[in-house]
Amino acid sequence: MHTLTPPFRNYLNYRARPSVTRAAPPRISVKCGYNFESANFSHGFGSSRADWQSSCAILASKVVSQQEDSPTGNNTGGATDVGAVNGHKTAVTDLNIVPTKLSGENKALQPKPLTITDLSPAPMHGSQLRVAYQGVPGAYSEAAARKAYPNGEAIPCDQFEVAFQTVELWVADRAVLPVENSLGGSIHRNYDLLLRHSLHIVGEVQLPVHHCLLALPGVRKEYLTRVISHPQALAQCENSLTKLDLNVAREAVDDTAGAAEFVAANNLRETAAIASARAAELYGLQVLADGIQDDPSNVTRFVMLAREPIIPRTDRPFKTSIVFAHDKGTSVLFKVLSAFAFRNISLTKIESRPHRIRPIRVVDDQSEGTAKHFEYLFYIDFEASMAEVRAQNALAEVQEFTSFLRVLGSYPMDMTPWNPSSS
Ligand SMILES: O=C(O)C(=O)C[C@]1(C(=O)O)C=C[C@@H](O)C=C1
């Protein structure tokens with residue numbers, strides 16, 4: 001049995017800061033496509049927020065590893081490790097956070113049962129959750145933000161980096177950002193930003209992406225000389241654009257809806273945009289071609305980010321995302337993957353990115369010469385909750401082969417019914 005070591009131990013033991021009363025978010029001006037003074041871009045979102053509140057319970061406390069202080073240094077069961085959530089003493093039993101009663105002289109330590117309010121504090125400003133996304137209204141990211149937080153207030157940001165910052169600086173409560181698309185692959189920028197920032201993944205949402213070719217009213221396909229869109233959208237429509245037999249240059253812009261807005265605002269009669277039907281409505285464009293993604297079941301996966309992690313649970317399917325750099329040795333990646341395979345934990349995603357701090361490992365061999373190996377950071381998503389012992393043990397093993405390991409989040413899987421034509 002492996003002993004639990006940081007960073008995943010943090011997932012099990014939470015201790016509140018001395019006071020959990022937060023100051024009001026500072027008024028911070030961030031370069032962002034949103035007027036924070038007049039926060040009036042709100043949507044009449046649906047009513048399933050309570051579902052998210054219960055499943056995505058947000059801690060108002062900073063994560064502190066209590067386990068480090070344990071005299072035994074392990075956590076193999078028994079209610080011996082007392083942690084706390086939001087000032088409530090809790091005991092850890094079988095690696096789950098379970099409030100337990102203490103008696104007699106320990107009365108003072110008697111844990112107060114957690115309530116839903118402790119787990120899901122309302123936004124500190126006393127109103128809707130503010131949800132940052134990259135793009136302008138009509139972007140797929142806005143639709144993803146709306147799907148993730150139906151009662152939220154969507155906040156458009158001009159760059160992914162800005163969306164991260166709005167949450168870190170309390171301008172927004174959550175960010176919803178794309179990480180991969182079924183046709184275009186990974187959105188690498190967001191993988192890099194996940195590491196550079198300290199936000200936690202608290203959920204995921206998968207959005208069917210249905211692209212349209214949009215132009216000013218009256219424009220015919222033959223007049224077009226240019227198609228503009230987000231690079232991912234251009235990639236997702238590559239074959240369809242060729243089949244449409246357009247004589248056009250393809251140009252990348254920041255987001256799909258921004259492309260539609262640009263065509264409309266500048267009255268560009270030779271330029272079309274690839275964007276959503278909603279963008280066509282918002283910016284007064286006509287749909288020249290509908291459903292031009294190369295695969296009808298085109299889907300983008302977004303992650304929901306927050307300042308605090310959620311408490312991992314075992315009563316519904318959870319996913320956990322980690323990032324690690326491997327240590328010296330041979331077959332490291334194989335050993336890491338085995339840690340999951342031996343415990344029947346499915347991996348749903350593996351991504352490698354350059355290790356920017358130490359990009360190259362030079363191996364000098366006097367007889368053969370000098371080998372220059374690229375160094376990587378590996379991102380893995382696996383299907384288990386950090387509340388499960390098998391996940392904790394897998395990570396304990398992974399840590400033996402890695403020089404760096406961080407749990408990016410343990411969160412409920414998107415289990416909504418598959419309906420690719422619904423976007
Ligand atoms: O431009 C948009 O509308 C976005 O929301 C961005 C984005 C992306 O970054 O992948 C999101 C979903 C689609 O895959 C295409 C573009």
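Numbering starts at 1 and runs along the sequence shown. It should be emphasised that the depicted structure is a prediction, and the values quoted were computed from it without experimental measurement. In listed order, ligands and their atoms are each counted from 1.
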query: Do ligand 1 and Gln134 have nitrogen or oxygen atoms that lie under 3.5 Å from each other?
result: no

- prompt: When you measure from atom 8 (C) of ligand 1 to every protein heavy atom, which one gives the shortest distance, and what is it?
  reply: His230 CE1, 3.6 Å

query: Would a distance-only check, ignoring hydrogens and angles, find a side-chain to backbone donor-acceptor pair under 3.5 Å from Asp173 to Val131?
result: no

- request: Answer with side chain, backbone, both or neither: which part of Ala139 has a heavy atom less than 4.0 angstrom from an atom of ligand 1?
  value: both

message: At under 4.0 Å between heavy atoms, is it the side chain or the backbone of Asp255 that contacts ligand 1, or both, or neither?
response: both

Which segment of Glu142 sits under 4.0 Å of ligand 1 when only heavy atoms are counted: neither

field: Shortest protein heavy-atom distance from atom 11 (C) of ligand 1, along with the residue and atom involved
entry: Phe302 CZ, 4.0 Å

query: Any nitrogen or oxygen of Asp254, main chain or side chain, under 3.5 Å from a nitrogen or oxygen of ligand 1?
result: no

message: Can you classify the ring geometry of Tyr140 versus His211 as parallel (below 30°), tilted (30 to 60°) or perpendicular (above 60°)?
response: perpendicular

statement: Nearest non-hydrogen protein atom to atom 1 (O) of ligand 1, with distance, is Thr256 N, 2.8 Å

query: Between Ile187 and ligand 1, which part of the residue brings a heavy atom under 4.0 Å of the ligand: side chain, backbone, both or neither?
result: side chain

message: Would Phe334 and His326 count as a ring-ring contact (aromatic ring centres under 6.0 Å, His included) here? Give the steps.
response: CA-CA 11 Å; Phe334 174 80; His326 64 58; over 10 Å; no

- request: Would you please determine whether Gly135 falls within less than 4.0 Å of ligand 1 on a heavy-atom basis?
  value: no

query: Heavy atoms only: which of Gln232, Glu180, Arg189, Arg301 is nearest to atom 15 (C) of ligand 1?
result: Gln232

Identified side-chain contact (heavy atoms from CB on, under 4.5 Å) partner of Leu246 from the options Thr225, Leu241, Leu288: Leu241

task: Give the residue, atom name and distance (to 0.1 Å) of the protein heavy atom nearest atom 14 (O) of ligand 1.
output: Thr300 OG1, 2.8 Å

query: Would you find a donor on one side and an acceptor on the other, under 3.5 Å apart, between the side chain of Glu351 and the backbone of Ile187?
result: no

